[in-house]
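In the text below, chain A, chain B and the rest are named by the order of the sequence lines, each starting its count at 1.
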Protein chains: 2
Amino acid sequence: MEESIAQLGYRPHAGARALASRHTNVLALVAPLRRDVNVPVIMKFVTSVVTAARSYDHDVLLLTKDEGAAGLDRVAGSAMVDALIVMDVEAGDVRVPVLRGLRQPAVLIGLPDRPAGISCVDLDFAATGYTGVQHLAEHGHRSVALVGPPPAVYQRGTSYAARFLAGFNDAAAHFRLASVAHACEPTFEGAAACLPDIRAELPGVTGLVAHNEAALAPLDIPAQDLGALAVEMVMHLLEGRHGAQTRLLAPTLTERDSCAAPR
Amino acid sequence: MEESIAQLGYRPHAGARALASRHTNVLALVAPLRRDVNVPVIMKFVTSVVTAARSYDHDVLLLTKDEGAAGLDRVAGSAMVDALIVMDVEAGDVRVPVLRGLRQPAVLIGLPDRPAGISCVDLDFAATGYTGVQHLAEHGHRSVALVGPPPAVYQRGTSYAARFLAGFNDAAAHFRLASVAHACEPTFEGAAACLPDIRAELPGVTGLVAHNEAALAPLDIPAQDLGALAVEMVMHLLEGRHGAQTRLLAPTLTERDSCAAPR
DNA sequence: CTGAAAGCGCTTACAG
DNA sequence: CTGAAAGCGCTTACAG
């Protein structure tokens, strides 16, 4: 029987199935498609979410961030999707309260100020900032600077920048280092142009922590892991296994040759 | 009435609507998500397709190319989508006959060998290759070389490479230029490494046509226009306005400062 | 033009 | 356990 069904190429009608079963096996993924984002990182997220979703027999409906809260409401309200994954979430993101009001569960990639009731996954940027400083402290540095992301990133309320800075400051305080943080443009030239300012503010500076996409080989965001984790959390929510939760991935420190004792 | 409906936040159930009306207002978009593609160009296509689809009140279901023909069959067979847009189509792409057998119309971004019955949009790469040579001929060059994409691109059967080469050769013959074509690795170093070989084969070479992503600022593929055009063609097919057709966008030549008369 | 009814193709709860 | 029936929430063709 199963076999003849396959032979005949029978495939259930998705709409009828959704109507009767009350689920669609489709996830919404909201991606920022403006030009100023880090395109390869976004692409990694999208790829990993689609691939992970397929491994759970789900498909992905792709929405752009510029549809805003109305877009979320639209696809959720018309029961096109069973759950939503939202990227590029800002600190005071207006979409968060909207998501809270939907019948479908949501997982944010990013960490808003008040995520109560909504699941979040993100890199632990506070720990990342902390770890960078700690590493320099262990190399004997006593005076460190943060080459941060550009002012626009802080202004947009992108919470990861603030969290990284908080971790940086915490560690500087804890290890009793002199420190200064500086917002820099996301180009090699912009980052380089920051250095004189940093030296002026903190003449004895010997160590730099860079949280700036262009100052380095792109900061290695574990986009693949985060995307897969977001899908896994969605699936657990759909199974009713647990309620909303926040999961922050611990950073891994990669020793390269940029670190040494101060001269 | 309309107003109270909006007030109450009524949104028709997408599954029920699809079942009764026999269409979903969803398009499938198949994107190549392997690492060796030009990520920003893919992203441009995806963005423009999603944005254009929304302007026609349609959503986009994102599939990865590695689901292959089975993925197309799956979403079409279960009536999840009304039509399909397929990127990264190769010359002898096995997905083309599968698409031909589906109930839903499809538009390819790219041009396979035998597109009979399926709509295609692409840049006119033959005209692009031709135009490059013509431009050099008009500047007085008599001996030109093609810095082509790497051998892997030709081997994969990516039809645009062959079409560009054909246009290059046609123009060289027509303008009676000496010419040579060379496959080069898609890095600045790779392209540079080709030059001695080219000079060895054609000592008097004075003009270069580059069809190699890394040799130049990325060749300016009009991804935005192509994506929007693909959606427009899909909509016309869905309205039954016409049958399958191929549309090749004419290249636009941008005069920069890389061209001069031969010394 | 208006409105009640049939039917789209499934799933699921229920009778046997 | 099996199978017929009801029902999911819409659209559309049809009767009035």
Determine the interatomic distance between C1' on D:dC10 and the same-named atom on C:dA13; round to the nearest Å. 22 Å
From B:Ile221 atom CD1 to B:Leu249 atom CG, the distance as rounded to the nearest 0.5 Å: 10.5 Å
Secondary-structure notation, DNA chain D, from Watson-Crick and G-U pairs under 3.5 angstrom (| other strand): |||.||||||||.|||
Using a cut-off of 6.0 Å, state whether more than 12 heavy atoms not belonging to B:Arg100 lie near its atom CZ. yes
Neighbour count above 12 (heavy atom, 6.0 Å) for A:Gln224 CD: no
Identify, with sequence neighbours excluded, every residue that meets side-chain contact (heavy atoms from CB on, under 4.5 Å) alongside A:Val98. A:Ala69, A:Asp73
With sequence neighbours excluded, what pairs up with [X] under the side-chain hydrogen bond (donor to acceptor under 3.5 Å, both in side chains) test?
X	value
A:Thr24	A:Asp82
A:Glu239	A:Arg241
A:Glu67	A:Arg74, B:Arg54

State plainly whether the residues B:Asp122 and B:Arg163 are in salt-bridge range, i.e. N to O under 4.0 Å. yes
Nucleotide interval of DNA chain C bounded by contacts with chain A (heavy-atom cut-off, under 4.0 Å): C:dG9 to C:dT11
